[in-house]
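What follows is one structure encoded as C-alpha coordinates, with my remarks underneath.
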2 protein chains.
Amino acid sequence: MATADGSAGLRTGEVAEQAGVNIQTLRYYERRGLLAAPARTIGGHRVYPADTVALLGVIKTAQRLGFTLDEVAELLETSRRRHPTPDLRQRATDKLAEIDAKIADLTAMRAALADVVAARCDSLTNCTCADCPFPFIDISHLTEGSP
Amino acid sequence: MATADGSAGLRTGEVAEQAGVNIQTLRYYERRGLLAAPARTIGGHRVYPADTVALLGVIKTAQRLGFTLDEVAELLETSRRRHPTPDLRQRATDKLAEIDAKIADLTAMRAALADVVAARCDSLTNCTCADCPFPFIDISHLTEGSP
DNA sequence: GGTAAGCCTGTACCCAGGTACCGAATGCAA
DNA sequence: TTGCATTCGGTACCTGGGTACAGGCTTACC
(Lines give C-alpha, C1' and ligand atoms only; values in the text may rest on other atoms or scores of the structure.)
Protein backbone atom coordinates (compact mmCIF):
# COMPACT_ATOMS: atom_id res chain seq x y z
CA MET A 1 0.00 0.00 0.00
CA ALA A 2 1.37 3.40 -0.98
CA THR A 3 0.17 6.85 -0.14
CA ALA A 4 -0.23 9.92 -2.29
CA ASP A 5 3.28 11.08 -1.58
CA GLY A 6 4.72 7.71 -2.48
CA SER A 7 5.80 6.68 1.01
CA ALA A 8 4.68 3.48 2.64
CA GLY A 9 1.63 3.66 4.89
CA LEU A 10 1.59 2.71 8.52
CA ARG A 11 -0.92 0.61 10.34
CA THR A 12 -2.60 1.70 13.51
CA GLY A 13 -0.33 -0.29 15.75
CA GLU A 14 2.80 1.01 14.09
CA VAL A 15 1.74 4.62 14.41
CA ALA A 16 0.71 4.12 18.00
CA GLU A 17 3.98 2.49 18.92
CA GLN A 18 6.18 5.00 17.11
CA ALA A 19 4.30 7.96 18.52
CA GLY A 20 4.07 6.46 21.99
CA VAL A 21 0.32 6.68 22.24
CA ASN A 22 -2.44 4.19 22.76
CA ILE A 23 -4.19 2.77 19.72
CA GLN A 24 -7.49 3.90 21.13
CA THR A 25 -6.10 7.37 21.31
CA LEU A 26 -5.62 7.43 17.55
CA ARG A 27 -9.26 6.65 17.00
CA TYR A 28 -10.17 9.16 19.65
CA TYR A 29 -8.15 11.87 17.91
CA GLU A 30 -9.78 10.96 14.63
CA ARG A 31 -13.21 11.39 16.19
CA ARG A 32 -12.09 14.66 17.68
CA GLY A 33 -10.87 15.93 14.33
CA LEU A 34 -7.19 16.05 15.21
CA LEU A 35 -6.27 13.36 12.76
CA ALA A 36 -7.89 13.28 9.35
CA ALA A 37 -9.62 10.01 8.56
CA PRO A 38 -6.86 7.95 6.94
CA ALA A 39 -7.06 5.75 3.90
CA ARG A 40 -8.33 2.22 4.41
CA THR A 41 -7.42 -1.17 3.13
CA ILE A 42 -10.13 -3.05 1.27
CA GLY A 43 -10.91 -4.78 4.49
CA GLY A 44 -11.32 -1.51 6.33
CA HIS A 45 -8.06 -1.28 8.25
CA ARG A 46 -6.59 2.20 8.56
CA VAL A 47 -3.46 3.09 6.64
CA TYR A 48 -1.77 6.21 7.89
CA PRO A 49 0.65 8.43 6.00
CA ALA A 50 4.14 8.28 7.42
CA ASP A 51 4.11 11.83 8.76
CA THR A 52 1.29 11.00 11.14
CA VAL A 53 3.85 10.13 13.76
CA ALA A 54 5.38 13.60 13.50
CA LEU A 55 1.93 15.15 13.59
CA LEU A 56 1.21 13.29 16.79
CA GLY A 57 4.42 14.73 18.16
CA VAL A 58 3.20 18.21 17.34
CA ILE A 59 -0.15 17.50 18.94
CA LYS A 60 1.39 16.08 22.10
CA THR A 61 3.77 18.97 22.42
CA ALA A 62 1.13 21.62 21.86
CA GLN A 63 -1.05 19.87 24.37
CA ARG A 64 1.63 19.59 26.97
CA LEU A 65 2.24 23.28 26.59
CA GLY A 66 -1.29 24.21 27.41
CA PHE A 67 -3.32 23.99 24.23
CA THR A 68 -6.49 21.99 24.62
CA LEU A 69 -7.35 19.32 22.07
CA ASP A 70 -10.05 21.58 20.70
CA GLU A 71 -7.56 24.35 20.17
CA VAL A 72 -5.13 22.04 18.46
CA ALA A 73 -7.92 20.64 16.32
CA GLU A 74 -8.97 24.09 15.22
CA LEU A 75 -5.44 25.08 14.44
CA LEU A 76 -4.89 21.96 12.39
CA GLU A 77 -8.22 22.32 10.66
CA THR A 78 -7.38 25.86 9.69
CA SER A 79 -4.05 24.62 8.41
CA ARG A 80 -5.67 21.95 6.29
CA ARG A 81 -8.12 24.29 4.67
CA ARG A 82 -5.26 26.49 3.59
CA HIS A 83 -7.12 29.72 3.35
CA PRO A 84 -4.41 32.09 4.35
CA THR A 85 -6.34 33.74 7.11
CA PRO A 86 -4.50 35.53 9.85
CA ASP A 87 -6.05 32.96 12.10
CA LEU A 88 -2.99 31.08 13.16
CA ARG A 89 -1.12 34.31 13.63
CA GLN A 90 -3.88 35.71 15.78
CA ARG A 91 -4.14 32.59 17.84
CA ALA A 92 -0.42 32.42 18.21
CA THR A 93 -0.40 36.00 19.43
CA ASP A 94 -3.13 35.28 21.95
CA LYS A 95 -1.41 32.15 23.10
CA LEU A 96 1.80 34.07 23.44
CA ALA A 97 0.20 36.26 26.07
CA GLU A 98 -1.13 33.21 27.88
CA ILE A 99 2.25 31.59 27.79
CA ASP A 100 3.92 34.72 29.09
CA ALA A 101 1.49 34.76 31.99
CA LYS A 102 2.22 31.13 32.73
CA ILE A 103 5.92 31.70 32.60
CA ALA A 104 5.54 34.61 34.98
CA ASP A 105 3.52 32.48 37.39
CA LEU A 106 5.95 29.64 37.19
CA THR A 107 8.86 31.96 37.70
CA ALA A 108 7.26 33.38 40.83
CA MET A 109 6.53 29.88 42.07
CA ARG A 110 10.05 28.85 41.29
CA ALA A 111 11.40 31.70 43.37
CA ALA A 112 9.11 30.81 46.25
CA LEU A 113 10.06 27.17 46.11
CA ALA A 114 13.72 28.07 45.93
CA ASP A 115 13.23 30.13 49.08
CA VAL A 116 11.54 27.19 50.76
CA VAL A 117 14.49 25.02 49.94
CA ALA A 118 17.03 27.62 50.93
CA ALA A 119 15.26 28.41 54.20
CA ARG A 120 15.11 24.72 55.10
CA CYS A 121 11.45 25.25 55.61
CA ASP A 122 9.54 22.20 56.82
CA SER A 123 5.91 23.05 56.56
CA LEU A 124 3.57 24.64 54.10
CA THR A 125 1.40 26.38 56.64
CA ASN A 126 3.01 26.23 60.04
CA CYS A 127 6.66 26.38 59.36
CA THR A 128 8.64 27.00 62.48
CA CYS A 129 11.72 28.28 60.77
CA ALA A 130 12.51 31.96 60.98
CA ASP A 131 12.13 33.91 57.78
CA CYS A 132 9.71 31.36 56.47
CA PRO A 133 8.95 32.34 52.92
CA PHE A 134 5.94 30.07 52.70
CA PRO A 135 3.14 30.60 52.01
CA PHE A 136 1.94 34.10 52.67
CA ILE A 137 4.34 36.29 50.89
CA ASP A 138 3.64 36.15 47.22
CA ILE A 139 2.26 32.71 46.70
CA SER A 140 -1.28 33.81 47.28
CA HIS A 141 -1.04 36.96 45.29
CA LEU A 142 -0.01 35.85 41.85
CA THR A 143 -2.05 36.72 38.81
CA GLU A 144 -5.44 35.13 38.91
CA GLY A 145 -7.50 33.83 36.10
CA SER A 146 -5.62 31.50 33.78
CA PRO A 147 -6.44 28.22 35.49
CA MET B 1 -18.96 31.55 67.90
CA ALA B 2 -15.22 31.81 68.42
CA THR B 3 -12.40 29.59 67.38
CA ALA B 4 -9.40 28.31 69.30
CA ASP B 5 -7.28 31.28 68.31
CA GLY B 6 -9.94 33.71 69.39
CA SER B 7 -10.88 34.94 65.93
CA ALA B 8 -14.39 34.82 64.63
CA GLY B 9 -15.34 31.80 62.54
CA LEU B 10 -16.65 31.99 59.03
CA ARG B 11 -19.58 30.19 57.58
CA THR B 12 -19.37 28.15 54.42
CA GLY B 13 -20.85 30.84 52.22
CA GLU B 14 -18.53 33.50 53.59
CA VAL B 15 -15.44 31.42 53.00
CA ALA B 16 -16.61 30.49 49.52
CA GLU B 17 -17.32 34.06 48.57
CA GLN B 18 -14.12 35.48 50.00
CA ALA B 19 -12.00 32.78 48.42
CA GLY B 20 -13.87 32.92 45.16
CA VAL B 21 -14.74 29.24 45.10
CA ASN B 22 -17.97 27.31 44.96
CA ILE B 23 -19.49 26.13 48.22
CA GLN B 24 -19.49 22.60 46.90
CA THR B 25 -15.81 22.92 46.30
CA LEU B 26 -15.22 23.46 50.01
CA ARG B 27 -16.93 20.20 50.81
CA TYR B 28 -15.09 18.54 47.99
CA TYR B 29 -11.76 19.74 49.36
CA GLU B 30 -12.76 18.52 52.79
CA ARG B 31 -13.47 15.07 51.39
CA ARG B 32 -10.18 15.15 49.54
CA GLY B 33 -8.29 16.06 52.69
CA LEU B 34 -7.24 19.52 51.59
CA LEU B 35 -9.27 21.23 54.24
CA ALA B 36 -9.46 19.80 57.72
CA ALA B 37 -12.97 19.12 58.90
CA PRO B 38 -13.95 22.39 60.55
CA ALA B 39 -15.79 22.93 63.82
CA ARG B 40 -19.55 22.74 63.72
CA THR B 41 -22.34 24.64 65.31
CA ILE B 42 -24.72 22.66 67.46
CA GLY B 43 -26.98 22.44 64.47
CA GLY B 44 -24.23 20.98 62.33
CA HIS B 45 -23.20 23.98 60.26
CA ARG B 46 -19.51 24.31 59.50
CA VAL B 47 -17.55 27.10 61.15
CA TYR B 48 -14.23 27.77 59.50
CA PRO B 49 -11.21 29.48 61.02
CA ALA B 50 -10.51 32.83 59.42
CA ASP B 51 -7.30 31.72 57.76
CA THR B 52 -9.15 29.20 55.63
CA VAL B 53 -9.53 31.84 52.96
CA ALA B 54 -5.78 32.30 52.78
CA LEU B 55 -5.30 28.56 52.73
CA LEU B 56 -7.62 28.30 49.77
CA GLY B 57 -5.51 30.92 48.07
CA VAL B 58 -2.46 28.78 48.62
CA ILE B 59 -4.26 25.73 47.31
CA LYS B 60 -5.52 27.50 44.22
CA THR B 61 -2.14 28.95 43.47
CA ALA B 62 -0.28 25.71 43.95
CA GLN B 63 -2.84 24.02 41.77
CA ARG B 64 -2.65 26.58 39.02
CA LEU B 65 1.08 26.14 39.00
CA GLY B 66 0.93 22.46 38.37
CA PHE B 67 0.48 20.69 41.69
CA THR B 68 -2.37 18.21 41.67
CA LEU B 69 -4.88 18.23 44.50
CA ASP B 70 -3.34 15.03 45.79
CA GLU B 71 0.06 16.64 45.93
CA VAL B 72 -1.29 19.68 47.72
CA ALA B 73 -3.19 17.45 50.12
CA GLU B 74 -0.07 15.49 50.96
CA LEU B 75 1.93 18.62 51.46
CA LEU B 76 -0.69 20.08 53.75
CA GLU B 77 -1.11 16.83 55.60
CA THR B 78 2.59 16.68 56.21
CA SER B 79 2.47 20.25 57.39
CA ARG B 80 -0.34 19.52 59.82
CA ARG B 81 1.41 16.61 61.39
CA ARG B 82 4.36 18.81 62.12
CA HIS B 83 7.01 16.19 62.22
CA PRO B 84 9.84 18.19 60.87
CA THR B 85 10.70 15.86 58.07
CA PRO B 86 12.61 17.13 55.11
CA ASP B 87 9.53 16.22 53.17
CA LEU B 88 8.44 19.61 52.01
CA ARG B 89 11.99 20.54 51.16
CA GLN B 90 12.39 17.38 49.12
CA ARG B 91 9.13 17.86 47.33
CA ALA B 92 9.90 21.48 46.72
CA THR B 93 13.21 20.47 45.24
CA ASP B 94 11.56 17.91 43.01
CA LYS B 95 8.91 20.36 41.97
CA LEU B 96 11.57 22.90 41.24
CA ALA B 97 13.02 20.60 38.61
CA GLU B 98 9.57 20.04 37.15
CA ILE B 99 8.90 23.73 37.06
CA ASP B 100 12.23 24.40 35.42
CA ALA B 101 11.36 21.86 32.75
CA LYS B 102 8.00 23.50 32.19
CA ILE B 103 9.54 26.91 31.98
CA ALA B 104 12.02 25.60 29.45
CA ASP B 105 9.22 24.05 27.39
CA LEU B 106 7.14 27.17 27.55
CA THR B 107 10.10 29.31 26.65
CA ALA B 108 10.77 27.16 23.60
CA MET B 109 7.12 27.32 22.66
CA ARG B 110 7.13 31.04 23.16
CA ALA B 111 10.02 31.40 20.80
CA ALA B 112 8.35 29.22 18.20
CA LEU B 113 5.10 31.14 18.47
CA ALA B 114 6.94 34.41 18.26
CA ASP B 115 8.55 33.15 15.08
CA VAL B 116 5.17 32.20 13.71
CA VAL B 117 3.91 35.68 14.37
CA ALA B 118 7.02 37.33 13.00
CA ALA B 119 7.08 35.15 9.90
CA ARG B 120 3.42 35.86 9.19
CA CYS B 121 2.99 32.13 9.05
CA ASP B 122 -0.50 30.98 8.13
CA SER B 123 -0.57 27.27 8.75
CA LEU B 124 0.51 24.83 11.40
CA THR B 125 1.53 22.06 9.04
CA ASN B 126 1.56 23.33 5.49
CA CYS B 127 2.64 26.88 5.77
CA THR B 128 3.54 28.36 2.44
CA CYS B 129 5.64 31.17 3.76
CA ALA B 130 9.36 30.96 3.32
CA ASP B 131 11.36 30.37 6.50
CA CYS B 132 8.35 28.78 8.13
CA PRO B 133 9.32 28.06 11.69
CA PHE B 134 6.37 25.78 12.25
CA PRO B 135 6.15 23.01 13.23
CA PHE B 136 9.08 20.76 12.57
CA ILE B 137 11.98 22.64 13.94
CA ASP B 138 11.92 22.35 17.67
CA ILE B 139 8.26 21.92 18.48
CA SER B 140 8.39 18.19 18.09
CA HIS B 141 11.63 17.75 19.91
CA LEU B 142 11.11 19.33 23.24
CA THR B 143 11.61 17.36 26.43
CA GLU B 144 9.17 14.52 26.68
CA GLY B 145 7.56 13.10 29.70
CA SER B 146 6.01 15.68 32.02
CA PRO B 147 2.53 15.65 30.52
C1' DG C 1 -42.65 32.66 66.92
C1' DG C 2 -42.70 33.05 62.03
C1' DT C 3 -40.20 33.07 57.87
C1' DA C 4 -36.55 33.58 54.50
C1' DA C 5 -32.00 32.78 53.72
C1' DG C 6 -28.46 29.70 54.31
C1' DC C 7 -26.55 25.22 55.13
C1' DC C 8 -26.85 20.08 55.70
C1' DT C 9 -26.12 15.20 53.41
C1' DG C 10 -26.33 12.36 49.56
C1' DT C 11 -26.28 11.37 45.00
C1' DA C 12 -25.92 12.43 40.34
C1' DC C 13 -23.99 14.75 36.82
C1' DC C 14 -20.46 17.57 33.94
C1' DC C 15 -16.10 18.19 31.11
C1' DA C 16 -11.53 16.82 29.37
C1' DG C 17 -8.75 13.36 27.95
C1' DG C 18 -8.30 9.11 27.48
C1' DT C 19 -8.62 3.48 28.17
C1' DA C 20 -10.67 -1.02 28.26
C1' DC C 21 -13.35 -4.60 26.59
C1' DC C 22 -16.35 -6.97 23.29
C1' DG C 23 -17.18 -10.15 19.55
C1' DA C 24 -16.42 -10.10 14.69
C1' DA C 25 -13.61 -9.42 10.71
C1' DT C 26 -8.99 -8.83 8.38
C1' DG C 27 -3.96 -9.52 7.31
C1' DC C 28 -0.21 -12.21 6.65
C1' DA C 29 2.96 -15.90 6.94
C1' DA C 30 3.96 -20.75 6.98
C1' DT D 1 -5.53 -23.19 4.03
C1' DT D 2 -4.96 -22.76 8.45
C1' DG D 3 -4.07 -20.08 12.34
C1' DC D 4 -2.64 -16.37 15.11
C1' DA D 5 -1.90 -11.39 15.54
C1' DT D 6 -4.16 -7.13 14.46
C1' DT D 7 -7.70 -4.20 13.75
C1' DC D 8 -12.53 -3.14 13.39
C1' DG D 9 -16.71 -0.49 15.46
C1' DG D 10 -19.30 0.32 19.50
C1' DT D 11 -19.92 1.10 24.04
C1' DA D 12 -18.59 1.45 28.70
C1' DC D 13 -15.53 2.89 31.94
C1' DC D 14 -11.67 5.70 34.29
C1' DT D 15 -9.26 9.92 36.62
C1' DG D 16 -9.17 14.66 37.88
C1' DG D 17 -11.55 18.49 39.27
C1' DG D 18 -15.35 20.08 40.17
C1' DT D 19 -21.03 21.39 40.03
C1' DA D 20 -25.89 20.68 40.53
C1' DC D 21 -29.85 19.22 42.43
C1' DA D 22 -33.30 17.34 46.09
C1' DG D 23 -35.36 17.35 50.33
C1' DG D 24 -34.78 18.59 54.93
C1' DC D 25 -32.80 21.19 58.93
C1' DT D 26 -30.70 25.59 61.16
C1' DT D 27 -29.93 30.51 61.70
C1' DA D 28 -30.90 35.17 61.68
C1' DC D 29 -33.89 38.74 61.90
C1' DC D 30 -38.28 41.06 62.52
Side-chain angles (χ1 to χ4, degrees), chain A residues 1-2 8-35 37-48 52 55-76 98 144-147, chain B residues 1-2 8-35 37-48 52 55-76 98 144-147:
Chain A
M1 184 63 56
L10 298 169
R11 286 178 301 141
T12 303
E14 293 171 324
V15 172
E17 189 184 353
Q18 289 178 35
V21 304
N22 194 298
I23 287 178
Q24 321 285 25
T25 302
L26 293 181
R27 300 209 286 118
Y28 177 63
Y29 283 1
E30 191 178 323
R31 281 205 299 284
R32 290 287 300 258
L34 288 148
L35 295 180
R40 301 281 186 140
T41 64
I42 296 167
H45 287 200
R46 290 172 179 80
V47 181
Y48 291 96
T52 302
L55 180 54
L56 284 165
V58 173
I59 293 170
K60 283 297 173 191
T61 302
Q63 194 183 11
R64 199 155 40 78
L65 296 182
F67 290 86
T68 66
L69 288 186
D70 277 348
E71 287 172 328
V72 179
E74 277 184 67
L75 240 22
L76 292 174
E98 266 181 53
E144 294 286 348
S146 56
Chain B
M1 186 60 61
L10 298 169
R11 286 177 302 141
T12 303
E14 293 172 324
V15 172
E17 190 185 352
Q18 289 179 36
V21 303
N22 194 299
I23 287 179
Q24 320 284 26
T25 302
L26 293 180
R27 300 209 290 116
Y28 178 64
Y29 283 1
E30 191 177 324
R31 282 205 300 284
R32 292 286 301 259
L34 288 147
L35 295 180
R40 300 281 187 142
T41 63
I42 295 168
H45 287 197
R46 289 172 180 80
V47 180
Y48 291 95
T52 303
L55 180 53
L56 284 166
V58 173
I59 293 170
K60 282 296 173 193
T61 301
Q63 194 183 12
R64 199 156 38 79
L65 296 181
F67 290 86
T68 66
L69 288 185
D70 277 349
E71 287 173 329
V72 179
E74 276 184 68
L75 240 22
L76 293 174
E98 264 180 56
E144 294 286 348
S146 55

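The shown structure was predicted, so the numbers you read here are calculated from the model rather than taken from an experiment. A, B, ... follow the sequence lines: proteins, then strands. Residue 1 opens every chain.
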Ignoring backbone atoms, test whether [X] places a side-chain nitrogen or oxygen under 4.0 Å from the OP1 or OP2 oxygen of [N].
X	N	answer
B:Tyr29	D:dG17	no
B:Thr25	D:dG17	no
A:Arg40	D:dG9	yes
A:Lys60	C:dG18	yes
A:Thr12	D:dC8	yes

By nearest heavy atom, map B:Glu14 and A:Gln24 onto DNA chain C; which one lands nearer the 5' end? B:Glu14
What integer distance in Å separates A:Ile23:CD1 from D:dG10:C1'? 16 Å
Tell me the interatomic distance from B:Glu30, atom CD, to D:dG17, atom P, rounded to whole angstroms. 18 Å
In the 5'-to-3' direction, what one-character label does each nucleotide of nucleotides 25-30 of chain C receive under the scheme B = base within less than 4.0 Å of a protein heavy atom, S = sugar-phosphate only, - = no such atom? -SS---
Test your reading of the model: is there a side-chain donor-acceptor pair from A:Glu17 to the backbone of A:Glu14, 3.5 Å cut-off? no
Base, sugar-phosphate, or nothing for A:Arg46, non-hydrogen atoms under 4.0 angstrom? sugar-phosphate
Please lay out, stage by stage, how B:Leu56 and B:Val15 fare under the test side-chain contact (heavy atoms from CB on, under 4.5 Å). CA-CA 9 Å; B:Leu56 284 166; B:Val15 172; 3.5 Å; yes
Is there any protein nitrogen or oxygen under 3.5 Å from a nitrogen or oxygen in nucleotides 12-16 of chain D, and what are the pairs?
none

Extract all donor-acceptor atom pairs below 3.5 Å that involve side chains of residues 23-30 of chain A and protein atoms in other chains or at least two apart in sequence.
| residue | atom | partner | partner atom | Å |
| --- | --- | --- | --- | --- |
| A:Tyr28 | OH | A:Arg32 | NH1 | 2.8 |
| A:Tyr29 | OH | A:Lys60 | NZ | 2.8 |
| A:Glu30 | OE1 | A:Arg46 | NE | 2.8 |

